[in-house]
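Atoms considered below: every heavy atom in the structure, side chains included; atoms not considered: hydrogens, waters and symmetry mates. A note on names: the letters A, B, ... follow the listed sequences, proteins ahead of strands, and every chain is numbered from 1.
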2 protein chains.
Amino acid sequence: MARGREIADEPEVKDFDFPRVLNAIADPIRLAIVTQLAAAPNDVSCGSFILPVHPSTATHHFTALRQAGVIHQYYAGTSRMNVLRRDDLNATFPGFLDAVLSAAAKTQTSAT
Amino acid sequence: MARGREIADEPEVKDFDFPRVLNAIADPIRLAIVTQLAAAPNDVSCGSFILPVHPSTATHHFTALRQAGVIHQYYAGTSRMNVLRRDDLNATFPGFLDAVLSAAAKTQTSAT
DNA sequence: GCAATATTTTGATCTACATCAAAATAGACT
DNA sequence: AGTCTATTTTGATGTAGATCAAAATATTGC
């Protein structure tokens with residue numbers, strides 16, 4: 001325990017809003033975050049993503065994903081770790097995440 | 001024939017760009033257009049959609065959907081008809097359209 | 001050709017948000 | 001406490017795009 005404090009503004013599953021989720025992943029940078037996170041075997045710290053933007057801009061994108069319910073974040077030491085909310089998304093929007101990931105893999109994201 | 005002229009800026013299937021498709025349907029008005037179109041038994045004229053925006057704004061949204069490859073448009077008399085490019089989308093992004101439609105049906109679009 | 005209907009184009013405005021830089025904060029370690 | 005690393009917050013800027021109103025265009029039917 002005490003692995004790290006939770007961030008409080010993640011929506012519960014019952015409050016998931018589909019347009020908001022769509023808007024969150026529609027941004028190329030954020031789609032890159034989601035695909036890199038989905039491909040990683042473990043949780044990923046913010047700084048480990050390969051993104052073509054300034055760290056402060058990346059924070060903004062992580063916040064958008066988190067507040068839409070796409071990712072979960074927690075502190076681990078000085079790093080902030082990111083987890084894809086696969087089960088929550090699958091339960092609420094069946095098939096959506098998988099379809100997005102396979103579609104994104106097909107087209108060049110160009111935001112790496 | 002001469003059922004109506006085609007509009008020339010619709011992308012071919014091979015040129016489909018997933019981030020662009022995502023961005024197209026991420027707008028609440030455009031998502032409403034897609035869901036209403038998917039639910040309709042026949043092709044739908046622009047004026048038949050129930051949308052909370054000015055007609056000239058609707059035109060802008062139809063253009064975004066068309067240029068992303070989500071819809072096909074053709075003239076029929078004084079009306080412009082809209083068709084969802086189901087087969088093209090399914091072929092390129094398998095499962096994506098169905099997942100979006102069922103997810104959109106679950107959450108209130110609020111843009112009707 | 002003229003009128004009526006449907007849609008688009010143009011022009012203008014306004015807001016959302018993606019971006020960066022610099023300063024501030026948080027935790028780990030010595 | 002002080003330093004180092006990681007990330008966020010604040011502040012400022014710039015641009016994309018959502019919106020409406022008014023004028024223009026297209027097609028049908030008289």
Determine the contact category for B/Ser45: base if any of its heavy atoms lies under 4.0 Å from a base atom, sugar-phosphate if only primed atoms, P, OP1 or OP2 are that close, otherwise nothing. sugar-phosphate

Residues A/His61 and A/Ile33: closest non-hydrogen pair is CB-CD1, 4.1 Å

Per A/Thr78 side chain, nearest of listed nucleotides C/dA18, D/dA18, C/dA28: C/dA28

Main-chain N/O of A/Val44 paired with A/Asn82 side-chain donor or acceptor, under 3.5 Å: yes

If you assign each of A/Thr57 and B/Met81 to its closest nucleotide in DNA chain C, which residue comes earlier from the 5' end? B/Met81

On the nucleotide C/dT8, are OP1 or OP2 found under 4.0 Å from the side-chain N or O atoms that B/Ser56 carries? no

Hey, is the side chain of B/Thr59 poking within less than 4.0 Å of OP1 or OP2 on C/dT8, counting only N and O atoms? yes

If I take atom CD1 in residue A/Ile29 and atom P in nucleotide D/dA16, what distance separates them, rounded to the nearest angstrom? 15 Å

Spacing of B/Asn23 atom CG relative to C/dA18 atom C1', expressed in whole Å: 13 Å

In whole angstroms, the gap separating P of D/dG17 from CG of A/Asp27 amounts to 11 Å

Please check: side-chain N/O of B/Lys106 versus main-chain N/O of A/Phe93, any donor-acceptor pairing under 3.5 Å? no

Using a heavy-atom cut-off of 4.0 Å across all strands, would you classify A/His61 as base, sugar-phosphate, or nothing? sugar-phosphate

Measure from the side chain of A/His54, starting at C-beta and using heavy atoms only, and say which of D/dA21, C/dA18, C/dA22 lies closest. C/dA22

Could you tell me the separation between the CG atom of A/Leu51 and the P atom of D/dA6, rounded to a whole number of Å? 15 Å

Between C/dT8, C/dC20, D/dA18, spot the one nearest the side chain of B/Cys46, thanks. C/dT8

Output yes when at least one side-chain N/O atom of A/Arg80 is less than 4.0 Å from OP1 or OP2 of D/dA6, else no. no

In whole angstrom, give the distance that lies between atom CD of B/Gln73 and atom P of C/dA6. 17 Å

Whether B/Arg85 and B/Asp88 form a salt bridge (side-chain N of Lys/Arg under 4.0 Å from carboxylate O of Asp/Glu) is what I want to check. yes

So what does A/Ser79 hit on the nucleic acid, given a heavy-atom distance under 4.0 Å: a base, only sugar-phosphate, or nothing? sugar-phosphate

Rounding to a whole Å, what distance do you find between A/Gln67:CD and D/dT8:C1'? 13 Å

Mind calculating the distance between OH (B/Tyr75) and C1' (D/dT28) to the nearest angstrom? 14 Å

Measure CD1/B/Ile33 against C1'/C/dT7 and give the value in whole Å, please. 14 Å

Nearest of C/dT7, D/dC20, D/dA18 to any side-chain atom of B/Arg30? D/dA18

A/Arg30 vs A/Asn23 side-chain heavy atoms within contact, under 4.5 Å: yes

